[in-house]
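Written below as structure tokens is the structure these notes are about.
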Amino acid sequence: MKTLVMTGPMVGGQIALTYQIDNYPGFSGGTGPDLVGIMKKQAEEFGAEFLEHSATKVDLSERPFRVHAGGEEYTGRTMIIATGSLNRKLGLESEERLMGRGVFVCATCDALLYEGKKVVVIGGGDSAVQEALDLANFASEVFVVHRRGRLTACRCLVDRAKKNDRIKYVWNTEVQEILGESRVEGVRLRDKASGEEWTLECDGVLLAIGWDPNTSLFRGQLELDERGYIISENEVETGVEGVYVAGDLNDRRYRQVVTACSSGCKAALEAERYLAEHGDGGS
Ligand code: NAP
């Protein structure tokens, strides 16, 4: 097969933003970008070409399928959609206004800016704990503000976080507002049990409240569910023959690098089978 991997400007997606990968088989203690580099090199050795442009328009109504990116049009007889997910937001006006001015979504990208500073991480799952750990290498204090009374992150992350005395927890608490005019100065919090409101001063707020599927490009062309996930059968098959879905896009639950690779493999095998059944190899 002749394979084009359209990556957008950052090859590797969320893996490339992960400081340390603990749970990918055969890969121990390296960084996300290290793992991305190994995967890319291996794919290139098998002939895959990489294009660091974002797809801006897709047409699945006729064959070959068409994708616009970087001012060019590309065609493919099969397509694997692995566009991943986008950070969920709280929906506050202050969050939009202060985005990039103290509100941020990626510790690996921005932690250096918070050296010696106080940062609030919102959320209580794997992302929140992973991001808190990454931030704690730089920030003086990291407050994990969670609306429940316990973390839902995996044991290995929770154990590492518990040993880190820069990380503190604010339980059963919701964020009412992010404070500051031109930069983050604090958060207004509300204790869910007592209703009491109080202010925690901080220099940054990292949102780690989950992810939504990045599928707007396919709206109207593929069937999406109410949360925006592409509806698939046999795990990877979309409603259009020859178009497959892989990675976070068809994983509402596990979202690990290893599970993404698993569905990527299944999608690739289906694409290969489709091309074999429909003629002359193709691109
Ligand atoms: P998640 O598991 O869905 O957790 C989201 C967290 O944010 C939960 O604590 C949730 O609280 C909270 N939350 C959601 N909406 C909120 C809101 N409006 N206000 C306040 N809090 C809110 O998302 P995630 O942590 O990003 O993880 C997503 C997936 O990626 C998981 O399957 C995870 O295993 C995987 N992941 C794995 C790793 C790793 O293995 N190292 C790292 C990162 C992510 P509630 O529980 O109350 O809803």
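Order of appearance sets the numbers: ligands from 1, and atoms from 1 within every ligand.
- When Gly124, Gly123, Ser127, Gly32 are ranked by how near their heavy atoms come to atom 25 (O) of ligand 1, first place goes to Ser127.
- Closest heavy-atom approach to atom 16 (C) of ligand 1 among the candidates Arg147, Gln256, Arg148: Arg147.
- The aromatic rings of Phe27 and Tyr24 sit perpendicular, their planes meeting at an angle over 60°, well past the 30° parallel limit.
- Heavy-atom separations between Gln14 and ligand 1 are all 4.0 Å or longer.
- Under a 4.0 Å N-O distance rule, the pair Arg273/Glu270 qualifies as a salt bridge.
- In this structure, a donor-acceptor pair under 3.5 Å is absent between the side chains of Ser232 and Asn250.
- At the top of the distance list for atom 33 (C) of ligand 1, counting protein heavy atoms only, stands Asp126 OD2, 3.2 Å.
- Between Arg147 and Glu174, none of the side-chain N atoms (NZ, or NE/NH1/NH2) sits under 4.0 Å from a carboxylate O, so this pair counts as no salt bridge.
- A parallel orientation is assigned to the rings of Tyr114 and Phe104, their planes being inclined by less than 30° (bins at 30° and 60°).
- Counting atoms of ligand 1 from 1 in the listed order, those under 4.0 Å from a heavy atom of His146 are 9 (O), 11 (O).
- At a 3.5 angstrom cut-off on N or O pairs, Asn23 counts as close to ligand 1.
- The protein non-hydrogen atom at the shortest distance from atom 19 (N) of ligand 1 is Leu90 CD2, 3.5 Å.
- Protein heavy atom nearest atom 30 (O) of ligand 1, with residue, atom name and distance: Arg255 CB, 3.4 Å.
- Protein heavy atoms are found less than 4.0 angstrom from atom 7 (O) of ligand 1.
- By the criterion of a heavy-atom distance under 4.0 Å, the backbone of Arg253, and not its side chain, is placed next to ligand 1.
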